[in-house]
Every structure is written in C-alpha cells, then in structure tokens.
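Single-structure report; data block below.
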Amino acid sequence: MTSCSKQIVHSMHEYLDGDIQEEKKQELKFHIETCADCKQHFTELEKTIALVQSASHIEAPAGFTSRVMALLPREGKKVGIERWFR
Ligand SMILES: [Zn+2]
C-alpha cells in the first residue's frame, strides 16, 4: 500500500472515464512512469475494462465502445470481439 495510491487511483478512474483534466492527465502519466505500483494497478484497470466492455458489448451505449477502445493501447482486441459477435 502506497501513500500516493488513493489520489492517483482516483485520477486513473477519471482518465479511464475519459473525463480528466489535461493537467491531471499529465500528472497521472508522470506518476505511472515513476511508480511501479501504480503502473501495475493502472494496467490491471485497463485489462478489467476491456473484459467488462467485451462482456457487455451488445448493450453498451453508442460511443462507449469506441471511447473505451480509444483508451486502449492496442487495436487487436476490437477485431477479435467483433468477430465473435458476427
Ligand atoms: Zn504511486
């Protein structure tokens, strides 16, 4: 447990919601690059979102998929998911 985790985790959620201030985003990016714990946590969060998103693909509101996918570093999963639903 790190002392920084609470604030940074909050920023992570804002970032993943696509609702973060530019200033906080830079702060978060810098922190993730320098803090191994938070970097790992952030990676886990992104993975979880990808899972939840793929499981609720059909019912996701318009724009949600592309918004989440835009946050993900790789495009590969999107192709795979679309294939399963065709
Ligand atoms: Zn940290």
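In terms of the salt bridge (Lys or Arg N to Asp or Glu O under 4.0 Å) criterion, Glu27 has no residue partners (sequence neighbours excluded). Remark: Glu22 pairs with Lys25, Gln26 by the side-chain contact (heavy atoms from CB on, under 4.5 Å) rule, at least two apart or across chains. Considering only residues two or more places apart in sequence or on other chains, Ile32 meets the side-chain contact (heavy atoms from CB on, under 4.5 Å) condition with Leu28, Lys39, Phe42. Remark: Glu14 pairs with His10, Ile20, Lys24 by the side-chain contact (heavy atoms from CB on, under 4.5 Å) rule, at least two apart or across chains.
Taking CD1 of Ile8 as the start and OH of Tyr15 as the end, the distance is 13.5 Å to the nearest 0.5 Å. Atom CD1 of Ile49 sits about 13.5 Å away from atom NZ of Lys47, to the nearest 0.5 Å. Considering CG of Leu16 and OG1 of Thr48, their distance stands at 9.5 Å, rounded to 0.5 Å.
Taking every heavy atom of both residues into account, His31 and Cys38 meet most closely at NE2-SG, 3.3 Å.
Within 6.0 Å of CD on Gln40 lie no more than 12 heavy atoms contributed by other residues, nucleotides or ligands.
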